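Notes for the one structure printed next.
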Amino acid sequence: MSGPGPVDDDRGCLVMVLAVPIILLTLLSAYFCWTALTIRPSGVWDDDAYAGIVLACVMSAGSAAVAAVVWVVPAVRRVLGWGWVAPALVLGVVAGVRWATGG
């Protein structure tokens with residue numbers, strides 16, 4: 001007869017529950033990063049396009065930062081590895097570079 005399982009038996013469900021906010025924030029960061037990379041100003045006078053680039057970069061970097069803050073929580077970090085937050089951080093860096101070079 002088998003006894004009760006180890007305490008970490010629910011780790012699969014816990015990973016799925018804790019991964020949801022990180023995945024959503026990564027997708028949000030990806031959307032805004034894509035927006036920042038695809039906006040093309042018509043000329044140096046196109047202030048609205050430049051403002052849109054800056055806004056998209058800020059939103060992308062901000063959602064990546066929030067994903068990193070969620071990951072830093074010890075309970076989340078114990079269950080989820082770097083692979084869960086790395087894409088959001090890369091997108092945040094790309095948005096930062098776009099902001100610095102063309103925003």
Side-chain angles (χ1 to χ4, degrees):
M1 187 166 237
S2 65
V7 175
D8 288 335
D9 257 358
D10 64 343
R11 190 173 175 122
C13 292
L14 186 61
V15 167
M16 288 177 22
V17 168
L18 294 175
V20 168
I22 292 178
I23 290 171
L24 291 176
L25 288 165
T26 301
L27 290 174
L28 191 64
S29 181
Y31 171 75
F32 284 117
C33 188
W34 173 80
T35 302
L37 293 173
T38 57
I39 293 175
R40 299 285 180 236
S42 298
V44 294
W45 48 266
D46 197 359
D47 293 333
D48 291 335
Y50 288 112
I53 291 170
V54 169
L55 178 64
C57 289
V58 168
M59 295 297 290
S60 179
S63 59
V66 172
V69 167
V70 169
W71 182 81
V72 168
V73 174
V76 177
R77 198 172 13 143
R78 237 176 302 166
V79 178
L80 301 176
W82 270 104
W84 288 95
V85 76
L89 295 177
V90 169
L91 289 166
V93 168
V94 168
V97 168
R98 172 66 170 139
W99 186 6
T101 60

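Because the structure is predicted, anything quoted here is derived from the model rather than measured.
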Problem set entry | Connected-component partners of Val20 among ILVMFWY, side-chain separation under 4.5 Å | Leu24
Exercise. With sequence neighbours excluded, what pairs up with Ser63 under the side chain to side chain contact (heavy atoms under 4.5 Å, CB included) test?
Worked result: Leu25, Leu28, Ser29
Problem set entry | Approximate separation, where rounding is to 0.5 Å, of Phe32 CZ and Leu55 CG | 7.0 Å
Exercise. What is the minimum heavy-atom distance between Cys57 and Arg98, and which atoms define it?
Worked result: SG-CG, 3.7 Å
For this session: Spell out, yes or no, whether Tyr31 and Leu37 are grouped together once hydrophobic residues are joined by side-chain heavy atoms under 4.5 Å, including indirect joins.
Result: no
For this session: Consider only side-chain heavy atoms of I, L, V, M, F, W and Y, link residues closer than 4.5 Å, and tell whether Leu89 and Trp71 are in one cluster.
Result: yes
For this session: List the atom of Thr26, the atom of Ile22, and the distance in Å for their closest heavy-atom pair.
Result: OG1-O, 2.7 Å
Exercise. Is there a side-chain contact between Ile39 and Tyr50, using heavy atoms and a 4.5 Å cut-off?
Worked result: no
Exercise. What about Met59 and Val94, same hydrophobic cluster or not, with Ile/Leu/Val/Met/Phe/Trp/Tyr joined at side-chain heavy-atom distances under 4.5 Å?
Worked result: no
Exercise. Out of curiosity, does Trp84 fall in the hydrophobic cluster containing Val72 (side-chain heavy atoms, cut-off under 4.5 Å, transitive links)?
Worked result: yes
Problem set entry | Shortest non-hydrogen separation from Val85 to Ala68 and the atoms involved | CG2-CA, 3.8 Å
Problem set entry | Val79 reachable from Val70 in the ILVMFWY side-chain graph, under 4.5 Å edges | yes
Seminar exercise, completed: Closest heavy-atom pair, Cys33 versus Ala95, reported as atoms and distance to 0.1 Å, is SG-N, 4.2 Å
For this session: Could you check if a side-chain atom of Val73 sits within less than 4.5 angstrom of a side-chain atom of Leu18, using non-hydrogen atoms only?
Result: no
Exercise. Where is the tightest heavy-atom contact between Pro41 and Asp46, given as atom of each residue plus distance?
Worked result: CA-OD2, 3.6 Å
For this session: Kindly indicate whether the side chain of Trp99, heavy atoms from C-beta on, has any atom under 4.5 Å from the side chain of Val54.
Result: yes
